[in-house]
Engineer: 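Sharing a structure here in structure tokens format.
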Amino acid sequence: MNERQKDRPWLMRTYAGHSTAEASNALYRRNLAKGQTGLSVAFDLPTQTGYDPDHILARGEVGRVGVPVAHLGDMRRLFQDIPLEEMNTSMTINASAMWLLALYQVVAEEQGADVTRLQGTTQNDIVKEYLSRGTYVFPPGPSLRLTTDMIAYTVNHLPKWNPINICSYHLQEAGATPVQEIAYAMSTAIAVLDAVRDSGQVPQERMGDVVARISFFVNAGVRFVEEMCKMRAFTRIWDKVTRERYGIEDPRQRRFRYGVQVNSLGLTEAQPENNVQRIVLEMLAVTLSKDARARAVQLPAWNEALGLPRPWDQQWSLRIQQVLAHESDLLEYGDIFDGSHVVEAKVAELVERSLAEIGHIQEMGGAMAAVESGYLKSQLVSSHAERRARIESGEEKIIGVNCYEGTEPSPLTSDLDGAIMTVDPENEARVVAALHEWRDNRDEVRAQRSLEALKAAAAGTGNLMEATLECARAGVTTGEWSWALRDVFGEFRAPTGVSGAPVAVTAEPGTPMAEVRRKVARTAGELGTGKLRLLVGKPGLDGHSNGAEQIAVRARDAGFEVVYQGIRLTPEQIVSAAVAEDVHCVGLSILSGSHAELVPDVLDRLRRAGVDDVPVIAGGIIPPADAAKLVESGVAAVFTPKDFGITEIIGRIVDEIRRANKLDPLEVAA
């Protein structure tokens with residue numbers, strides 16, 4: 001077949017950013033030179049949650065999981081020598097999406113770009129932040145207003161920009177089934193489109209332009225037949241909703257447009273080389289079917305369950321895409337699943353069940369009401385607990401984890417500490433110093449005047465984008481913009497979903513759960529307390545709370561009284577809660593890499609509070625060398641993704657409580 005007749009490949013991106021704007025800029029330019037066709041910006045957690053690098057909650061988090069962008073100068077350096085008018089840029093940013101888009105637009109203007117030609121996406125899906133990822137700032141109502149204002153602004157001023165990426169990716173990471181992923185994402189889209197329509201900012205005759213700029217960001221798991229059918233079901237439901245609910249007649253405007261990052265939940269620390277074939281299978285789910293093919297694809301690296309991937313690891317994932325697009329014949333054919341009875345039956349089933357759940361959510365008052373009531377979160381926690389139970393029982397097989405565990409030594413991980421990239425711990429101090437220099441050198445009067453104008457606009461009903469753009473031009477910082485809006489909108493703490501989650505693992509006599517329950521009860525009796533008390537803490541800004549929630553649910557079911565206050569706590573707050581609740585163990589969960597600073601801080605504060613008999617355990621993506629240092633500093637035990645047996649972890653926690661209280665060890669029957 002002639003090359004000209006082949007379909008154009010999807011946009012190929014790598015989710016990237018770290019340390020500083022300068023270091024990330026160099027990485028982007030290297031990736032583009034390797035054939036990457038778009039950029040996908042990873043921001044660090046302070047940027048995502050609206051804090052400047054010198055805020056107490058930012059400690060240990062600056063530049064770890066992404067690039068810190070605190071002001072216009074950082075954004076300039078991030079895209080230096082990258083012509084934004086020619087680039088397609090995806091920015092994974094939600095609560096502070098309006099702010100980062102404003103910085104991006106101003107940098108483009110400074111480059112001399114025609115902003116009407118800017119192409120890219122701001123994720124801007126706040127609903128899934130309340131449910132799974134935790135980088136929300138404001139309550140649902142004001143958050144939806146920010147999203148609505150951005151959509152209205154971009155439709156009128158940045159017509160090629162996707163102002164929102166309805167994001168079901170993290171829902172699957174939090175345990176969503178395909179039906180839940182479709183239903184919750186579609187319910188979010190309905191809430192957003194209703195808000196835009198009802199705001200009066202876009203006339204009815206232009207709603208087609210709004211719908212045409214709505215994109216989705218989805219997850220593709222290893223069950224690639226089901227995942228491919230899920231994408232076809234997504235396409236069918238979106239066409240139906242936009243036509244029937246919003247009256248969009250043009251089929252091009254109703255097209256389901258989506259990008260994908262394939263599943264990271266299924267990547268394993270054990271035998272991590274197996275992650276390569278998992279990534280390939282997951283990519284096929286969103287590329288094989290022409291009628292539901294992704295517009296953009298970014299793949300994780302094989303070693304993301306171990307730590308931060310290196311440039312070479314990201315290159316490997318890019319090459320996977322390039323081989324499929326340029327060496328295979330995939331793009332030479334129409335939809336290869338047309339006429340498949342198996343596929344059609346599965347798609348029809350997913351459509352029917354998803355529409356039923358969408359209807360249920362609408363009866364509750366829509367996605368925002370379902371967030372505030374805790375319904376969506378509790379459903380996800382329950383689904384995730386059920387999945388973990390299937391893995392632990394062996395019903396759901398994961399190669400190298402619960403079956404085929406024997407392995408030859410891997411040359412890829414022979415030097416585990418060298419198999420991932422580490423961020424210089426001195427980087428944070430340099431970023432903070434640069435921030436202070438920026439503040440010292442800006443026009444302070446203009447900056448403060450722009451912040452007052454922003455607060456006045458927020459207290460009113462007008463669109464907030466113009467006031468935000470002036471803040472960007474005036475040198476306002478990310479934290480200052482967010483605090484101005486916090487002053488008006490307030491902050492929010494989302495439901496954890498833990499208390500409402502049903503029991504996922506039974507405790508019939510002879511089961512591991514029954515034995516752990518016996519250990520818990522006996523230990524409580526020997527300590528003369530009604531129940532053992534476990535504090536599950538999330539220090540810092542890491543909002544990935546799935547693991548913490550599963551530990552909390554299983555500990556509750558094992559007979560513990562669990563103290564879990566949700567995400568985003570300082571070490572001081574965690575220690576205060578531990579003392580006030582008189583807990584028997586403190587469990588700290590961190591996936592962002594800030595464990596090296598925050599966990600020792602908790603230990604030190606506990607000792608200073610006179611609480612030196614309460615064991616502290618840590619869990620997360622913690623490299624072996626870091627784990628050894630934590631144990632040396634006084635951590636009783638460290639758990640990483642390879643420790644998949646949650647019931648076994650709860651048993652280990654009881655062991656540490658007994659050891660700390662000088663009780664004889666108890667054995668659990670195998």
Side-chain angles (χ1 to χ4, degrees), residues 15 48 92 94-95 123-136 140 143 147 164-192 214-223 226-227 229-231 233-234 237-238 241 256 258-267 282 285-286 294 298 300 350-351 353-358 360-362 364 366-388 494-498 500-501 543-550 567 591:
Y15 183 54
Q48 292 185 51
T92 301
N94 295 282
Q123 192 168 99
N124 202 20
D125 174 1
I126 201 66
V127 170
K128 68 95 173 49
E129 297 302 320
Y130 299 129
L131 299 178
S132 57
R133 196 161 165 271
T135 68
Y136 56 82
S143 295
T147 299
I164 187 169
N165 214 325
I166 307 294
C167 184
S168 69
Y169 173 85
H170 300 91
L171 301 181
Q172 187 178 124
E173 298 284 294
T177 65
V179 168
Q180 288 173 328
E181 190 178 342
I182 294 169
Y184 298 173
M186 283 295 167
S187 296
T188 298
I190 289 169
V192 168
I214 303 293
S215 62
F216 290 76
F217 186 67
V218 305
N219 203 327
V222 76
R223 292 171 55 83
E226 183 175 56
E227 294 292 309
C229 292
K230 179 186 76 181
M231 298 322 307
F234 253 130
I237 292 173
W238 182 242
V241 167
F256 183 75
Y258 78 100
V260 65
Q261 156 104 12
V262 307
N263 187 279
S264 295
L265 176 66
L267 300 184
E282 291 163 354
V286 294
Q298 57 192 46
L350 290 171
V351 168
R353 292 174 59 201
S354 299
L355 287 173
E357 180 64 5
I358 292 168
H360 179 56
I361 292 168
Q362 290 306 303
M364 298 174 65
M368 291 301 180
V371 166
E372 292 178 308
S373 71
Y375 169 76
L376 295 184
K377 183 65 174 178
S378 65
Q379 293 294 107
L380 290 175
V381 172
S382 299
S383 293
H384 200 182
E386 290 166 7
R387 177 180 181 271
R388 292 301 302 246
T496 66
V498 168
H544 290 86
S545 57
N546 305 330
E549 289 154 3
Q550 294 307 310
I567 63 171
L591 278 76

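Please read all numbers here as calculations on a predicted model, not as lab measurements. Throughout, residue positions are numbered sequentially from 1 according to the sequence presented.
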Engineer: To the nearest 0.5 angstrom, please state how far the CD1 atom of Ile190 sits from the CD1 atom of Ile358.
Structural biologist: 5.5 Å
Engineer: How long is the gap from CE on Met368 to OH on Tyr130, to the nearest 0.5 Å?
Structural biologist: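 These two atoms lie 6.5 Å from each other.
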Engineer: Does Glu227 use its side chain to pair, donor to acceptor, with the backbone of Gly221 at less than 3.5 Å?
Structural biologist: yes
Engineer: Working to the nearest 0.5 Å, report the span between OG1 of Thr92 and CG of Asn124.
Structural biologist: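 Reported value, rounded in 0.5 Å steps: 11.5 Å.
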Engineer: Determine the sole option in Gln123, Gln261, Glu181 for which the side chain to side chain contact (heavy atoms under 4.5 Å, CB included) test with His170 is passed.
Structural biologist: Gln123
Engineer: Scan side-chain atoms only and decide if Glu173 and Asn546 contain a donor-acceptor pair under the 3.5 Å cut-off.
Structural biologist: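 There is no such pair between these side chains.
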Engineer: Looking only at atom types and distance, does a side-chain atom of Ser215 sit under 3.5 Å from a main-chain N or O of Ile164, one as donor and one as acceptor?
Structural biologist: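 Yes, Ser215 side chain to Ile164 backbone: donor-acceptor pair under 3.5 Å.
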Engineer: Would Glu129 and Arg133 pass as an ion pair if we require N to O under 4.0 Å?
Structural biologist: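 Yes, Glu129 and Arg133 are salt-bridged.
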Engineer: Lys128 side chain to Thr188 main-chain N or O, any donor-acceptor pair under 3.5 Å?
Structural biologist: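 No.
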Engineer: Does Tyr258 reach the main-chain N or O of Ala294 with its side chain, forming a donor-acceptor pair under 3.5 Å?
Structural biologist: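 Side chain of Tyr258 to backbone of Ala294: a pair is present.
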Engineer: Would you find a donor on one side and an acceptor on the other, under 3.5 Å apart, between the side chain of Asn94 and the backbone of Asp125?
Structural biologist: yes
Engineer: Between Ser168 and Leu171, is there a donor-acceptor pair closer than 3.5 Å when you use the side chain of the first and the backbone of the second?
Structural biologist: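 No: the side chain of Ser168 does not pair with the backbone of Leu171.
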Engineer: Surrounding CZ of Arg223 (heavy atoms of other residues, nucleotides or ligands, distance under 6.0 Å), is the total greater than 12?
Structural biologist: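 Open.
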